[in-house]
Engineer: 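Once you've had a glance at the structure underneath, I'll fire off some questions.
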Amino acid sequence: MLDIRPVGYVVGLLVAVLGFAMIVPILVDLAEGRGQWWVFVESAVITMLSGGMIALASANGVREGLTIQQTFMLTTGVWLMLPLFGAIPFVLGATEASITDAVFEAMSGLTTTGATVLSGLEALPKGLLIWRGILQWLGGIGIIVVAMVFLPELRVGGMQIFKSESFDTFGKILPRAGQIATQISVIYVWLTLACVLSYLALGMSTFDATVHALTTVSTGGFSNYDASFSTFSGPAEYVAALFMILAALPFVRYVQLINGNPVALHRDPQVRGFLLTLAVLVGVAFVLLRGTFSYEWEQMLREALFNITSIISGTGYASADYMTWGPFAVALFFFIGLIGGCAGSTTCSIKIFRYQLLFASIRAQLRRIRSPHGIFTPRYDGRPVGGDVLSSVMSFFMFFVVSLGLISVALSLTGLDFVTSISGASAALANIGPGLGPIIGPAGNFGSLNDTAKWILIIAMLIGRLELLAVYVMFTAKFWRA
C-alpha cells in the first residue's frame with residue numbers, strides 16, 4: 001500500500017515555510033501604514049498552522065528515502081499545495097480577488113510564469129506587491145532543486161542525462177536535496193543581492209529594486225507597474241537582461257565554478273548553445289527594428305536585447321509592445337518562447353538541451369541514411385547518448401505539442417479567439433507570461449478571461465512547470481499499481 005506520510009511531511013513543512021515568509025509583507029505593510037498587515041497575519045496563521053498540522057500528522061512515517069511513486073507525488077504535491085495557500089492573501093487583501101483569480105495569481109507566481117490578472121498595480125498595498133515577488137523568488141529556487149535532484153532521478157524528458165551532475169543519490173533523496181539546496185541557495189541569494197544593488201545604482205527606489213530583483217533572478221516577470229519594465233526604460237534594461245541571462249544558465253555550473261572549476265560554464269554545451277541562440281535572435285530582432293522604426297540604434301539594440309531575453313528565458317517582462325513590430329516579430333516571439341534556457345536554471349519551456357539532443361538524433365539519422373552500413377550514435381557533450389534518453393526527449397516533444405494543441409482547443413471552446421487561445425496555451429504551458437494579441441499581449445493581462453479559461457491556464461502552468469511527464473504519469477493506472 002502506498003504510504004503518503006513522507007510526502008505529507010515534506011509538503012507540510014514547505015507550507016509552513018511559506019507561511020513564515022509572510023512575515024516580510026507584514027513588515028512592509030506596517031512600514032507603509034496602509035492597514036493591510038492584518039491580511040498577512042491571518043494568512044500566515046492559517047498557512048503555518050495548516051502546514052504544521054500536516055507535517056505533525058505525517059511525522060511518524062518519515063524515512064530517509066522515497067520510492068519513485070512518492071517522489072512523483074511530492075514533486076507535484078508541492079506545486080499543487082503551495083499556490084493554494086499562497087493565494088490566501090489575494091482573497092483577503094485589498095484586491096478582493098475571487099478564488100479563481102487568487103489561485104491564478106499564486107500559481108503564476110510560484111511557477112514563475114508571470115501572467116497576471118491584476119491591474120492598477122501601482123495602487124495596490126506594497127505588502128501585496130512584494131508578496132508577488134516573494135512567490136516568484138521561492139518558485140525560482142524551488143524549481144532549480146527539482147530540476148537538479150528530482151527530475152533526473154525520475155527520468156523526465158531526458159533529464160537523466162544530468163544525473164551524475166546532480167549528485168546522484170537516489171534512495172537518499174531528501175537529505176541530498178537539503179545539501180544541494182543549501183549550496184544553490186547561497187548562490188541564488190548572492191545573485192539576487194547583486195541584482196538589487198545594480199538596480200539601486202541606476203536610480204530605482206529600494207522597494208522597486210527589491211521586488212524587481214526577486215522577479216528578475218527567478219525569471220518570473222512580475223512587476224509593480226501595469227506598464228511592466230517600460231517604467232524603467234534605459235540602462236536598467238541592460239542590467240535586467242544580464243541577470244535574466246545569468247539566471248537562465250545551469251546553477252550546477254556555478255557550484256562547480258566556486259569549487260575550483262573555472263571552465264565549468266564555458267565547457268557546457270547548453271551554455272554555448274543558449275548564448276549563441278540568444279545572440280542570433282537579438283541580431284534578427286535588431287535588424288527587424290532597423291527596417292521598421294527610425295529611432296536611435298542604441299534604443300533598438302536595447303529593446304531587442306531586453307525583450308528577446310525576457311521571452312526566451314520565460315521571464316515575461318516587456319519594455320515595449322512588440323505586437324507593433326510587425327507580423328514577423330509576432331511569429332518570432334511566439335516561437336522563441338518555446339525555446340527556454342538551460343536545464344537546472346530558473347527558466348522554463350522546452351529547454352535548449354532538448355533541441356541539441358533532437359538535432360544530434362536527426363544528424364545521426366541522416367548519416368545512417370547516407371551510409372546504411374555505418375554505425376552512428378548521437379552524442380552530447382562528447383558522450384554517446386543512450387536510447388532511453390532520446391526516447392524520453394522525443395516523448396517530451398510529443399507530449400508538449402499534443403498538450404499545446406489540446407489546451408488551445410479547450411481555451412477556444414470557452415469563447416476565446418484563435419490568437420488568444422494558442423498564445424495563452426503557449427504562455428501558460430511554457431511558463432512565459434504574456435501571450436499575443438490585444439487581450440493577453442504585452443500591453444494587456446489575463447484579468448478579462450472567463451473563469452473556465454483561467455482554470456485551464458492554471459492547470460497548464462502546473463503541468464508545464466513540472467516538465468509535463470512528472471504530472472501525466474500520475475494519471476496512469478500502472479503508476480498506482482507499481
Engineer: Quick check: does any side chain N or O of S345 sit under 3.5 Å from a backbone N or O of T347, one acting as donor and the other as acceptor?
Structural biologist: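 Here the side-chain-to-backbone pair exists.
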Engineer: Is the CD1 atom of I4 crowded by more than 12 outside heavy atoms at less than 6.0 Å?
Structural biologist: no
Engineer: Say whether, by atom type as modelled, one donor and one acceptor occur between the side chain of T277 and the main chain of G273 under 3.5 angstrom.
Structural biologist: yes
Engineer: Look at the side chain of Q270 and the backbone N and O of L249, then say whether any donor-acceptor pair between them is shorter than 3.5 Å.
Structural biologist: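 No: the side chain of Q270 does not pair with the backbone of L249.
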Engineer: Any side-chain to backbone donor/acceptor pair from R354 onto V393? Under 3.5 Å, distance only.
Structural biologist: no
Engineer: If we ignore hydrogens and angles and just use 3.5 Å, is the side chain of S423 paired with the main-chain N or O of V419 as donor and acceptor?
Structural biologist: yes
Engineer: Which pairs with one or both residues in residues 399-411 pass side chain to side chain donor-acceptor pair (under 3.5 Å), sequence neighbours excluded?
Structural biologist: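 Every pair satisfying side chain to side chain donor-acceptor pair (under 3.5 Å) with a residue in residues 399-411: S403-Y472.
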Engineer: Looking at F376, I want to see if its CZ is surrounded by more than 12 non-hydrogen atoms of other residues, nucleotides or ligands under 6.0 Å.
Structural biologist: yes
Engineer: State, with a plain yes or no, whether a side-chain heavy atom of L214 is found less than 4.5 Å away from one of I134.
Structural biologist: yes
Engineer: Once rounded to the nearest 0.5 Å, what's the spacing between atom CG of L129 and atom CG of D208?
Structural biologist: 9.0 Å
Engineer: What class does the angle between the rings of Y355 and F359 fall in, given that below 30° is parallel, 30 to 60° is tilted and above 60° is perpendicular?
Structural biologist: tilted
Engineer: Does any N or O in the side chain of R368 come within less than 3.5 Å of the main-chain N or O of T377, such that one atom is a donor and the other an acceptor?
Structural biologist: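 No.
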Engineer: Quick check against the 3.5 Å criterion: does Q356 have a side-chain atom that pairs as donor or acceptor with the backbone of P269?
Structural biologist: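 It does hold such a pair.
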Engineer: For F232 and H212, take the angle between the two ring planes, folded into 0 to 90°, and tell me which bin it lands in: parallel under 30, tilted 30 to 60, perpendicular over 60.
Structural biologist: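 If you compare the ring of F232 with that of H212, the planes turn out perpendicular.
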Engineer: Does the ring-ring contact (aromatic ring centres under 6.0 Å, His included) test come out yes or no for F397 and F400, once each step is laid out?
Structural biologist: CA-CA 5 Å; F397 274 105; F400 191 93; 8.0 Å; no
Engineer: Would a distance-only check, ignoring hydrogens and angles, find a side-chain to backbone donor-acceptor pair under 3.5 Å from Q70 to T67?
Structural biologist: yes
Engineer: Kindly say whether L358 contributes a backbone atom to a donor-acceptor pair with the side chain of S361 at under 3.5 angstrom?
Structural biologist: no
Engineer: Return yes if some donor-acceptor pair links the side-chain N/O of W79 with the main-chain N/O of L110 below 3.5 Å, else return no.
Structural biologist: yes
Engineer: Give the C-alpha distance, both sets of side-chain angles, the deciding distance and a yes or no for side-chain contact (heavy atoms from CB on, under 4.5 Å) between I143 and T111.
Structural biologist: CA-CA 8 Å; I143 202 60; T111 58; over 6 Å; no
Engineer: Answer yes when E105 and K454 have at least one side-chain N-carboxylate O distance shorter than 4.0 Å, and no when they do not.
Structural biologist: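 Here E105 does not pair with K454 in a salt bridge, since their nearest N and O are not under 4.0 Å apart.
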Engineer: Is it the case that Y199 and T216 place a side-chain donor and acceptor less than 3.5 Å from each other?
Structural biologist: yes
Engineer: For W455 and F104, what are the C-alpha separation, side-chain angles and deciding distance, and is it a ring-ring contact (aromatic ring centres under 6.0 Å, His included)?
Structural biologist: CA-CA 7 Å; W455 280 108; F104 185 100; 9.3 Å; no
